[in-house]
Amino acid sequence: GSAIGATGSTQASAEQDELSQRLAKLRQM
Amino acid sequence: MSAPGIATIPPSLKGAIQKYIRVAVEHDKRDPVIAYYCRLYAMQQAMAIDKSSPEARQYLVSLMDFLEKSKNQLKDEQAVHNEIIGQAHVENYALKLFLYADNEDRAGHFGKNVIKAFLTSSLLMDVLTTFGDLSEDIEKNRKYAKWKALYINKCIQSGETPI
């Protein structure tokens with residue numbers, strides 16, 4: 001159970017990072 | 001691809017961003033630059049509140065897709081591609097709206113459109129924080145516009161004449 005949970009949260013934080021990167025790129029002039 | 005609508009905002013984000021998305025929807029045709037920056041502001045607010053629940057992530061990804069698409073579509077619009085010009089655009093628009101509402105108010109014209117103009121101008125002054133700290137004047141106008149919108153609304157509901 002914990003291994004699956006860890007994979008899930010890693011995936012979630014990767015997606016969050018992706019959103020932050022896309023936001024930073026969007027705001028580049 | 002159409003803009004993610006107001007109805008699709010997840011409950012965890014609704015209170016914080018619904019009003020800015022509404023202003024964006026109202027300006028999609030009238031002033032796409034205003035619509036773009038309202039959504040950008042909503043995106044930033046939403047990401048600070050909840051970007052981990054599945055509903056929020058799904059919404060944020062669709063909002064981001066739409067923002068990227070809007071920026072591409074508005075490729076000739078300098079105010080979208082240069083945030084210094086963008087800031088001036090949003091600031092001018094917010095102040096114009098504020099002055100309209102203030103003039104109407106001082107002329108004794110109290111109506112829903114005046115409330116809405118005060119409210120929208122204050123929301124656009126919130127959006128201006130995307131570009132950094134607000135000037136003292138704008139901060140003052142933002143507080144006044146929010147208070148005035150609530151005050152006129154209260155008077156209309158209770159049948160009093162605003163002073």
Side-chain angles (χ1 to χ4, degrees), chain A, chain B residues 3-4 10 12-13 17 24 33 35-90 127-132:
Chain A
S2 62
I4 293 168
T7 310
S9 74
T10 307
Q11 191 193 341
S13 72
E15 283 173 8
Q16 286 167 27
D17 285 351
E18 195 205 316
L19 271 179
S20 302
Q21 280 169 16
R22 286 173 73 185
L23 181 65
K25 197 169 167 226
L26 186 74
R27 298 196 61 188
Q28 275 169 13
M29 293 184 196
Chain B
S12 62
L13 302 175
I17 69 166
V33 173
Y36 174 83
Y37 282 110
C38 285
R39 287 197 177 91
L40 179 65
Y41 178 76
M43 181 82 202
Q44 289 174 305
Q45 295 299 105
M47 280 175 69
I49 294 166
D50 179 11
K51 54 178 181 176
S52 57
S53 75
E55 307 81 50
R57 277 216 305 272
Q58 194 188 358
Y59 179 78
L60 289 175
V61 167
S62 65
L63 185 57
M64 182 64 84
D65 288 344
F66 187 75
L67 275 166
E68 289 169 347
K69 188 190 137 211
S70 304
K71 192 176 174 184
N72 283 334
Q73 278 180 343
L74 298 166
K75 55 182 186 298
D76 297 326
E77 187 56 78
Q78 282 201 328
V80 163
H81 291 267
N82 180 328
E83 288 202 358
I84 296 166
I85 301 173
Q87 178 178 13
H89 184 102
V90 178
V127 170
L128 280 174
T129 59
T130 298
F131 309 108

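Heavy-atom basis, side chains included; hydrogens, waters and symmetry copies ignored. Per chain, numbering begins at 1; letters A, B, ... match sequence-line order.
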Q: Using non-hydrogen atoms and a 4.5 Å limit, figure out which bit of B:Y36 sits close to chain A: side chain, backbone, both or neither.
A: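 Contact with chain A: side chain only.
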Q) At a heavy-atom separation under 4.5 Å, does B:M64 approach chain A through its side chain, its backbone, both, or neither? A)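 B:M64 touches chain A through backbone and side-chain heavy atoms alike.
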(Q) Would you say that more than 12 heavy atoms from the other residues, nucleotides or ligands in this model lie under 6.0 Å from the CD1 of B:I49, or not? (A)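 Yes, because the 6.0 Å sphere around CD1 of B:I49 holds more than 12 heavy atoms from other groups.
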**Q.** Contacts of residues 69-80 of chain B with chain A (heavy atom under 4.5 Å)
**A.**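 At a heavy-atom separation under 4.5 Å, chain A is reached by B:K71.
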(Q) Suppose the criterion is salt bridge (Lys or Arg N to Asp or Glu O under 4.0 Å): which pairs have a residue in residues 20-29 of chain A, not counting sequence neighbours? (A)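 Qualifying pairs: A:E18-A:R22, A:R22-B:D65, A:R22-B:E68, A:R27-B:E83.
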Q: Drop me the distance from B:L40's CG to A:L23's CG, to the nearest 0.5 angstrom.
A: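 Here the rounded value is 6.0 Å.
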